Amino acid sequence: MAISSIFVELPRSKSHSHAHPEAYLYALQGSGYSEIGGKRYEWERGDAVHVPPGMMHHQHFNPADGEAKELRFEFGIRYWMVEQWRGYTTIDRHMKATQLDE
Ligand SMILES: [Fe+2]
């Protein structure tokens with residue numbers, strides 16, 4: 001497992017809805033919520049968000065006026081699976097934050 005990046009969520013923004021194998025986010029700063037598989041999960045500094053295996057669509061939201069920051073934890077098997085999986089595509093490389101009202 002690797003801590004591969006720090007996400008910085010701009011105030012009043014959201015990520016794309018996207019899917020990939022299992023991962024965790026650990027909230028370093030701020031608060032918000034994530035929708036995973038159609039359910040909403042609130043989080044704040046010190047919480048971990050588990051994106052379960054199963055390619056569930058998920059999206060992260062920062063409705064606050066300040067930035068939120070999260071550490072991204074990824075399992076190495078994620079990239080092995082993706083390489084074996086014919087037709088698999090991820091939109092991570094194109095992820096772009098947008099304003100909440102867009
Ligand atoms: Fe994700």
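These figures come from a predicted structure and were not determined experimentally.
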>> Could you check whether any side-chain heavy atom of Arg72 comes within less than 4.5 Å of a side-chain heavy atom of Leu25, counting everything from C-beta outward?
In response: yes
> Can you tell me how far OH of Tyr33 sits from CH2 of Trp43, rounded to the nearest 0.5 angstrom?
Replying inline: 10.5 Å
Identify every side-chain donor-acceptor pair in residues 48-61 under 3.5 Å, counting partners at least two apart or on other chains, and give the distances.
from, atom 1, to, atom 2, distance (Å)
His50, NE2, Glu22, OE2, 2.7
His57, ND1, Ser17, OG, 3.4
His58, ND1, His18, O, 3.2
His58, ND1, Met56, O, 2.9
His58, NE2, His18, NE2, 3.1
His58, NE2, His20, NE2, 3.1
Gln59, NE2, Ser15, O, 2.8
His60, ND1, Ser34, OG, 2.8

>> As an exercise, state the distance from OH of Tyr26 to CZ of Arg45, rounded to the nearest 0.5 Å.
In response: 7.5 Å
Return all side-chain donor-acceptor pairs below 3.5 angstrom for residues 62-70, not counting sequence neighbours, or 'none' if the list is empty.
from, atom 1, to, atom 2, distance (Å)
Asn62, OD1, Ala64, N, 3.1
Asn62, ND2, Glu9, O, 3.3
Asn62, ND2, Leu10, O, 3.1
Asn62, ND2, Gly66, O, 2.9

